[in-house]
Structure formats: C-alpha cells, structure tokens
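Counting starts at 1 for both ligands and their atoms, following the listed order. Along the sequence shown, the residues carry numbers beginning at 1.
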Amino acid sequence: MIDFQYARAGTVADAVRQAAENPGAKFVAGGTNLVDLMKMDVERPAKLIDISRLPLDTVEESAEGGLRIGALVRNTDLAYHPVIERRYPVLASALLAGASQQLRNMASVGGNMLQRTRCAYFYDIATPCNKREPSSGCSAIDGLNRMNAILGTSEACISVHPSDMCVALAVLEARVRVTGPRGERVVAFSDFHRLPEDTPQRDTNLELAELVTSVELPAQGFATNYTYLKIRDRLSYAFALVSVAVGLELDGDTIKDARLALGGVAHKPWRDVEAEATLRGRSPNEATFAEAAGAVLREARGFGHNSFKIDLAHRAIVRALSQAARGTPQSQSNKKIA
Ligand SMILES: Cc1cc2nc3c(=O)[nH]c(=O)nc-3n(C[C@H](O)[C@H](O)[C@H](O)COP(=O)(O)OP(=O)(O)OC[C@H]3O[C@@H](n4cnc5c(N)ncnc54)[C@H](O)[C@@H]3O)c2cc1C
Ligand code: SF4
C-alpha cells in the first residue's frame with residue numbers, strides 16, 4: 001500500500017507551486033503510465049498533482065504559421081485533428097501507431113513525452129536497475145535486452161524511450177514550452193530528452209517542478225513526402241523494435257531538405273543531422289538512402305539479444321525513405337524508386 005496525497009491543480013501556477021513545495025510530488029495527466037508504475041511499486045510519489053483539468057487542451061495556429069498544441073490534448077484528438085492530418089501527417093501516423101484506441105483516448109501529449117522506459121528490468125523491482133535505483137547496476141546489459149538500445153548507450157543504462165509520437169516531433173523540430181518556479185522557457189525538442197550517460201534516472205532536462213504546457217510546431221510539416229514506419233512484434237498494441245520518421249522536401253529529382261529520426265533504438269528519439277546532410281542535393285534512390293542509413297548507424301552497438309536491430313534499422317531507414325520519396329507513406333513494399 002503506497003501512502004500518497006492527491007490534489008487537483010486549479011491553474012498552471014498552482015500546479016507548479018504545489019510541485020515546488022513537495023519534491024516527492026508528481027503530476028498526473030491521463031495516468032496511463034504513472035498509475036501502472038505506482039501499482040508495480042516502481043514509482044512511489046508522495047503526492048499526485050492532478051493536472052487533467054487545466055485549460056491546456058487546445059490546438060491553435062501560431063503567429064509564425066505553425067501550431068501550438070496544449071500539453072493536455074489527448075493523443076486521439078491530436079491524431080484526428082484536421083490540421084494535423086492535413087499539414088503534419090507524419091505526426092498523425094506516429095500517434096496512431098502507438099498503444100491502443102482506449103489508451104490514446106486517455107493519453108496526453110505531455111504524458112506521452114514523459115512516459116518512462118519499458119525496459120523489463122525497470123518494471124521488475126526484484127532486479128538491479130540504475131534508472132529505478134541509481135548505482136544499483138544495469139540488469140539489461142548482460143541480460144534479456146532484445147528491446148533495448150543500440151545507439152547512445154552508456155555503461156549505466158541501455159534503455160530506450162518508448163514513444164512513437166516523440167519520433168515525429170523530433171523530425172518536425174518541435175519546441176517544448178514549460179513553466180516552472182522561475183517562469184517560462186522554451187526547449188528545443190532535441191534538448192528535451194537526455195542520453196543516459198551516468199544519470200539514467202533522469203529521462204529529460206526538465207527541472208524540478210517544471211510543467212510542460214505546450215508543444216509548438218513550425219510551419220514546415222513535410223505533408224507530401226513523409227512516412228512513419230514502425231516495426232514491432234505484432235501489428236498493434238506493441239512498442240517499436242525500430243521505428244523511423246521521415247520528412248523529405250523534393251525539387252524534381254533532387255532532395256532539397258531531409259529529416260530522419262528513429263524510435264526504439266536509444267534513450268531519446270534519435271535524430272542525426274549529419275546523416276540528414278548526406279541526403280541533401282542528392283537523387284532520391286536506394287543507394288543514397290543506404291548511405292544515409294549507414295551514416296545514422298555508424299556507431300550502433302548491439303548487446304547480444306538486440307544486435308539484430310542494427311540490420312533491421314538499416315533496412316527500415318531505406319524503406320521509410322523510399323516510401324516518403326514515392327509519396328506512399330504507408331506502403332508495405334520496398335521497390336526501387338529510381
Ligand atoms: C499497454 C500499453 C501499451 C502502450 N503502447 C504504446 C506505444 O506503442 N507507443 C507509445 O508511444 N506509447 C505507448 N504506451 C504509452 C502511452 O502512450 C503513455 O502511457 C501515455 O502517452 C502517457 O500519457 P498520460 O497522459 O496517461 O501520462 P501519465 O501517466 O499521466 O503521466 C506520465 C508521466 O508524465 C508526467 N507528466 C504528465 N503530464 C505532464 C506535463 N504536462 N508536464 C510534466 N510532466 C507531465 C507525469 O508526472 C508522469 O511522470 C502504451 C501504454 C500502455 C499501458
Ligand atoms: S537498461 Fe536502464 S532501465 Fe534497463 S535495467 Fe539497465 S539501467 Fe535499468
């Protein structure tokens with residue numbers, strides 16, 4: 001039995017104040033991850049601050065021609081929002097690839113970003129896990145690590161960030177607006193999540209008592225040439241072994257701009273701007289895409305059970321880029337395009 005307090009936040013300022021007053025407190029939005037973790041004794045918050053009724057559930061056009069998405073917009077509402085479907089379809093695809101309809105109905109944008117890893121040892125409180133209990137060791141490195149990371153790992157942790165939505169947000173170069181005890185700040189999406197290094201207990205660069213209030217998308221949505229490809233053990237209700245989000249801007253037979261991010265392979269959505277640069281100015285063909293895949297995976301390292309992910313990721317990147325270039329985002333085939 002976990003003894004915890006519960007309070008509903010009336011305003012953003014009230015939520016931040018309550019969190020700052022009690023460092024053991026946690027915000028709860030949809031509760032689809034946090035409540036599970038509490039039931040399994042992985043998380044033991046001293047207080048739950050219910051933010052679910054705060055007025056952060058709207059999607060609005062921004063002055064810069066982009067969109068501002070409230071942190072409490074439900075995953076289902078976002079996936080089927082007409083502007084998201086039309087201008088940011090890679091985000092809609094990624095959202096719909098995640099979890100199940102019932103979970104998406106509850107899950108919020110902020111909660112999805114802050115969801116914790118699905119590493120089996122993190123959930124098993126009988127085993128050492130540096131993320132759950134710092135300095136206790138990592139059971140996955142020499143254990144059952146089929147779902148674990150191949151990029152950006154450390155000696156302390158090889159877990160992956162499990163979100164689908166966040167892979168698309170990385171490709172779209174979203175910005176995250178947060179409010180904390182020292183006021184408001186904006187964080188580039190690439191700086192929001194962290195690599196494990198020697199502090200795997202920290203998933204993000206949020207400071208104590210900071211609340212995510214919105215996510216901002218720039219105007220460029222790659223609505224014509226995009227794809228979100230998720231490879232998993234079964235077709236629905238499963239986390240990614242590897243996922244790939246792609247956005248291309250084509251000028252005839254030349255790639256003018258390219259974005260590429262991977263999910264299921266690292267402690268954060270894995271975007272590699274050097275690999276993206278290898279695509280610009282090139283013809284969109286399989287040789288170009290294979291070169292980019294090689295660049296993304298140049299430092300990939302397997303840990304035994306998950307070593308297959310390196311080859312899987314290579315093929316998934318080539319396929320996702322091919323689909324995006326053809327403008328057939330959900331195509332299951334991988335025919336040569338040039
Ligand atoms: C069976 C199952 C399958 C799933 N499959 C997938 C999948 O395939 N792909 C995928 O991407 N996800 C999947 N999920 C995860 C699901 O997407 C998350 O549980 C959900 O997005 C979390 O949102 P929430 O609002 O319920 O968060 P909560 O559970 O309410 O919160 C999660 C964390 O976020 C923090 N938090 C919430 N909102 C804020 C905020 N605004 N600011 C700061 N901190 C905040 C909380 O303190 C907590 O630590 C699955 C979940 C389950 C249970
Ligand atoms: S990989 Fe990370 S989450 Fe998994 S057991 Fe090791 S320290 Fe824990």
For [atom], grab the closest protein heavy atom and report residue, atom and distance to one decimal in Å.
atom                    : answer
atom 27 (O) of ligand 1 : Gly111 CA, 3.3 Å
atom 13 (C) of ligand 1 : Phe239 CE2, 3.3 Å
atom 35 (C) of ligand 1 : Leu114 CB, 3.6 Å
atom 47 (O) of ligand 1 : Phe27 O, 2.5 Å
atom 41 (N) of ligand 1 : Val212 O, 3.0 Å
atom 21 (O) of ligand 1 : Asn112 CA, 3.2 Å
atom 52 (C) of ligand 1 : Leu103 CD1, 3.5 Å
atom 9 (N) of ligand 1  : Asp164 OD2, 2.7 Å

Tell me the contacting part of [X] for ligand 1: side chain, backbone, both, or neither, using a 4.0 Å heavy-atom threshold, strictly below.
X      : value
Ala238 : backbone
Pro162 : backbone
Arg118 : side chain
Asp36  : side chain
Lys230 : side chain
Ile51  : side chain

Margin query: Using the side-chain contact (heavy atoms from CB on, under 4.5 Å) criterion, which residues pair with Ser108? Sequence neighbours excluded.
Written below: Ala29, Leu72
Checklist line | Option nearest atom 7 (C) of ligand 1 (shortest heavy-atom distance, choices Ala240, Ala97, Ala99) | finding: Ala99
Are [X] and [Y] within salt-bridge range, i.e. N to O under 4.0 Å?
X      : Y      : value
Arg74  : Asp57  : no
Arg175 : Glu64  : no
Asp164 : Arg232 : no
Asp257 : Arg280 : yes

Would you say [X] and ligand 1 have an N/O pair spaced under 3.5 Å apart?
X      : value
Leu206 : no
Leu34  : yes
Asn33  : yes
Gly30  : yes

Do the side-chain N and O atoms of [X] and [Y] include a donor-acceptor pair separated by under 3.5 angstrom?
X      : Y      : result
Asn105 : Gln102 : no
Gln18  : Asp14  : yes
Gln101 : Thr76  : yes

Notebook entry, point to check: Short list, please: which atoms of ligand 1 are under 4.0 Å from a heavy atom of Tyr237?
Noted result: 1 (C)
Item checked: Contact atoms of ligand 1, heavy-atom distance to Leu211 under 4.0 Å -> 40 (C), 41 (N), 42 (N)
Item checked: Interatomic spacing from CZ in Phe122 to CD in Gln201 - rounded to 0.5 Å -> 11.0 Å
Check: Quick one: CZ on Arg271 to CG on Leu172, what's the gap to the nearest 0.5 Å?
Finding: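 These two atoms lie 9.5 Å from each other.
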More than 12 heavy atoms of other groups within 6.0 Å of [X] [atom1]:
X      : atom1 : value
Arg182 : CZ    : no
Leu208 : CG    : yes
Glu184 : CD    : yes

Note to self: Quick one: does any side-chain atom of Asp251 pair with a main-chain N or O of Lys256 as donor and acceptor, under 3.5 Å?
What the structure shows: no
Margin query: Run Leu114 and Phe192 through side chain to side chain contact (heavy atoms under 4.5 Å, CB included) and show every step you take.
Written below: CA-CA 10 Å; Leu114 272 294; Phe192 185 79; 3.7 Å; yes
Checklist line | Protein N, O or S atoms lying under 2.8 Å from atom 6 (Fe) of ligand 2, listed by chain and number | finding: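 Result, waters dropped: Cys138 SG.
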Margin query: Taking Phe4 as the starting point, is it possible to reach Val42 by hopping between hydrophobic residues whose side chains are less than 4.5 Å apart?
Written below: no
